[in-house]
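Chain A is the first sequence line, chain B the second, and so forth, proteins listed ahead of strands; every chain is numbered from 1. Source: prediction; values computed, not measured.
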Number of protein chains: 2
Amino acid sequence: MDKGKVLIVEQQNGSPSSISKVLEEEGYNVISVEDSDNVYDLTVNEKPEIVMLDLDSLEQEGWEVCRKLKDDYEARRSVVIMVSSKEDEESIVRGFESGADDFITRPFGRKEFTARIRAIIRRIEKNESKKIKVKDIEIDLDEHKVKKGGKPIDLTYIQFKLLYLLASRRENVFSRKEILEKVWGRKVYVTNRTVDVHIKRLREKLGEYKYPSQYIETIHGTGYRFL
Amino acid sequence: MDKGKVLIVEQQNGSPSSISKVLEEEGYNVISVEDSDNVYDLTVNEKPEIVMLDLDSLEQEGWEVCRKLKDDYEARRSVVIMVSSKEDEESIVRGFESGADDFITRPFGRKEFTARIRAIIRRIEKNESKKIKVKDIEIDLDEHKVKKGGKPIDLTYIQFKLLYLLASRRENVFSRKEILEKVWGRKVYVTNRTVDVHIKRLREKLGEYKYPSQYIETIHGTGYRFL
DNA sequence: GTCCAACTGCAACTTTTATGCCAATACTGT
DNA sequence: ACAGTATTGGCATAAAAGTTGCAGTTGGAC
């Protein structure tokens with residue numbers, strides 16, 4: 001059950017209706033912190049899909065953290081949601097001006113809350129399409145098939161996921177860490193070298209024997225990129 | 001002034017505070033229709049960034065239109081926002097379940113409303129990979145690519161980080177200490193001289209052979225800066 | 001159940017590439 | 001001109017990536 005990673009900044013009062021608890025129960029991978037000190041570092045390292053800032057416990061810092069995240073080229077990818085009891089327009093506008101992507105005011109029903117989160121995650125993942133064509137390669141997610149020049153290529157489960165990931169955002173460089181998270185899942189511990197091995201096997205099946213690779217490029221010190 | 005294209009479905013009552021009026025005034029490219037018949041076609045053809053559905057005038061149809069858009073391969077790209085006076089949780093949840101990306105309840109202040117819209121547009125733009133352009137140099141972070149005058153330049157990991165650091169705040173003078181911290185990280189101990197070496201290698205790759213350097217300026221006794 | 005083939009992950013090893021430092025040299029500002 | 005800085009090419013070394021063989025698993029086929 002891996003719905004996405006959420007970094008939450010709020011005072012823990014142990015209430016079972018706290019945001020963290022709710023999202024954990026819903027199956028999100030929750031990282032919870034009580035103050036804003038590590039938020040930036042955590043965001044950069046963990047790349048959560050969502051960062052939630054509880055303004056009721058953060059106050060002034062909330063805006064600042066948000067701005068800092070949105071000014072950073074890596075952290076900015078995470079969606080920042082502010083949660084607050086204040087519903088005066090000024091606070092809300094200020095939240096958005098700090099770069100927040102959404103602003104939710106308390107109180108809110110659990111169902112509404114989780115529906116909003118789902119909508120946001122959905123939106124993030126939607127950029128990926130079901131069928132991808134790159135050069136002479138065709139990838140069909142639904143049928144789980146890959147063709148090269150019209151001829152089917154037999155890929156294993158992992159190879160397929162790996163190829164799909166890389167091809168879903170061609171030109172984008174994926175670090176091994178990212179690959180591990182997206183292909184193997186967050187909890188699994190697998191060596192970096194194993195990623196290489198799978199890349200090699202994939203390259204073989206794609207018919208890459210000589211250098212430089214036509215499809216999967218290695219970016220030394222960084223990761224891999226398709227095309 | 002083109003802030004983005006918005007397709008709005010609402011009953012026109014001529015009120016100056018109607019959504020269409022407000023967004024027009026704000027400089028959006030507004031397409032306004034009164035019923036849901038053409039919404040699907042318009043969305044596919046016009047590809048608006050945002051489709052706003054006024055549930056107060058659409059009722060039942062609202063959900064259906066939304067679902068139809070979100071089931072469509074092309075139309076799903078547009079962000080769908082529902083606007084409604086009903087603020088019961090059930091309606092809202094149902095909205096999200098129909099695939100809506102956001103749900104705004106009336107009444108709302110104009111500033112808050114426009115701030116939300118701006119945030120959404122911002123988010124859409126952010127998905128496109130971010131580039132820094134300085135003179136004839138282009139730096140693409142997601143793709144980890146650098147181009148000079150359209151031609152790609154191959155940089156190593158450190159060179160890339162270094163260039164990015166300098167270029168991200170041009171004119172700013174970076175001391176070697178600062179560079180070490182940002183590129184190598186706090187803990188690592190590496191000589192100041194090493195920074196020089198990397199500057200040299202970077203300059204070479206940027207095609208700097210003669211003095212004074214066109215891109216990276218040396219501030220004697222202080223550090224470096226990107227022009 | 002037993003056998004077999006396919007898949008996977010890892011360790012050990014090789015190859016490739018990048019990095020850090022040195023020492024000689026050139027440049028700066030005073 | 002001098003002392004402090006910066007530049008540079010070369011080189012040993014470190015680090016990253018590629019490769020290979022093997023062993024543990026799994027899931028049929030029989």
message: With a 4.0 Å limit, can you tell me whether B/Tyr224 has a side-chain N or O closer than that to the phosphate oxygens OP1/OP2 of D/dT7?
response: yes
field: Options D/dG9, D/dT19, C/dT8, nucleotide nearest the side-chain atoms of B/Lys200
entry: D/dG9
field: Sequence-distant partners of B/Thr191, side-chain contact (heavy atoms from CB on, under 4.5 Å), two or more places apart
entry: B/Arg193, B/Thr194
- request: For A/Glu204 and C/dT8, give me the distance from atom CD to atom C1', rounded to whole Å.
  value: 15 Å
- prompt: Hey, does A/Phe226 have a side-chain heavy atom less than 4.5 Å from the side chain of A/Leu165?
  reply: no
- prompt: Side chains of A/Ser36 and A/Glu61: is there a donor and an acceptor less than 3.5 Å apart?
  reply: yes
message: Please determine whether salt bridge (charged side-chain N to carboxylate O under 4.0 Å, His left out) holds for the pair B/Arg176 and B/Asp196, giving the CA-CA distance in whole Å, both sets of side-chain angles, and the decisive distance to 0.1 Å.
response: CA-CA 8 Å; B/Arg176 289 180 174 70; B/Asp196 299 10; 2.7 Å; yes
task: For B/Asp196 and D/dT5, give me the distance from atom CG to atom C1', rounded to whole Å.
output: 9 Å
message: With a 4.0 Å cut-off on N to O distance, would you call B/Asp142 and A/Arg169 a salt bridge?
response: no
task: Could you tell me whether A/Lys21 and A/Glu25 make a salt bridge, using a distance below 4.0 angstrom between a side-chain N and a carboxylate O?
output: no
message: If you assign each of B/Lys205 and B/Thr194 to its closest nucleotide in DNA chain C, which residue comes earlier from the 5' end?
response: B/Lys205
- prompt: Is A/Thr218 near enough to D/dG18 that one of its side-chain N or O atoms lies under 4.0 angstrom from OP1 or OP2?
  reply: yes
message: Expressed as a whole number of angstroms, how long is the span from A/His198:NE2 to D/dG18:C1'?
response: 14 Å
task: Measure the distance from CD1 on A/Ile199 to P on C/dT8 and round it to the nearest whole Å.
output: 14 Å
message: Under 4.0 Å, heavy atoms only, any strand: does A/Ile158 hit a base, just the sugar-phosphate, or nothing?
response: sugar-phosphate
- request: Going by the side-chain contact (heavy atoms from CB on, under 4.5 Å) test, name the single residue among B/Leu166, B/Val195, B/Ile158 that passes it with B/Val183.
  value: B/Ile158
field: Nearest-neighbour nucleotide for the A/Tyr189 side chain, C/dG9, C/dT19, C/dC10 considered
entry: C/dC10
query: Rounded to whole angstroms, how far apart are NZ on B/Lys161 and P on C/dT19?
result: 11 Å
query: Quick one: B/Ile219 CD1 to C/dG29 P, roughly how many Å, whole number?
result: 10 Å
- prompt: Which word best sums up how the rings of B/Trp184 and B/His198 line up, parallel for under 30°, tilted for 30 to 60°, or perpendicular for over 60°?
  reply: perpendicular
message: C/dT8, OP1 or OP2 - any side-chain N/O from A/Trp184 closer than 4.0 Å?
response: no
- request: Sugar-phosphate means primed atoms, P, OP1 and OP2; the rest is base. With that split, encode nucleotides 22-28 of chain D 5' to 3' as B, S or - using protein heavy atoms under 4.0 Å.
  value: -------
message: Please classify the nucleic acid contact of B/Leu155 as base, sugar-phosphate, or nothing, using heavy-atom distances under 4.0 Å.
response: nothing
- prompt: C/dA18 P sits how many Å from B/Gln159 CD, rounded?
  reply: 8 Å
- request: Return the value, rounded to whole Å, for the distance between atom NE2 of B/His144 and atom P of C/dA18.
  value: 12 Å
- request: Using side-chain contact (heavy atoms from CB on, under 4.5 Å) as the criterion, point out the one residue from B/Ile50, B/Asp101, B/Leu53, B/Val51 that pairs with B/Ile81.
  value: B/Ile50
query: From C/dT28, D/dT20, D/dA16, pick the nucleotide closest to the side chain of B/His220?
result: C/dT28
task: Inspect the surroundings of CD in A/Glu204 and state if more than 12 heavy atoms from other residues, nucleotides or ligands are less than 6.0 Å away.
output: yes
- prompt: Within the pair A/Thr191 and C/dG9, is there a side-chain N or O less than 4.0 Å away from OP1 or OP2?
  reply: no
- prompt: Donor-acceptor pair under 3.5 Å: do we get one between A/Arg193's side chain and the base of C/dG9?
  reply: no
message: Taking only side-chain N and O atoms of A/Thr156, does any of them lie within less than 4.0 angstrom of OP1 or OP2 on C/dA6?
response: no
Selection: residues 174-183 of chain B, any non-hydrogen atom under 4.0 Å of DNA chain D: B/Arg176
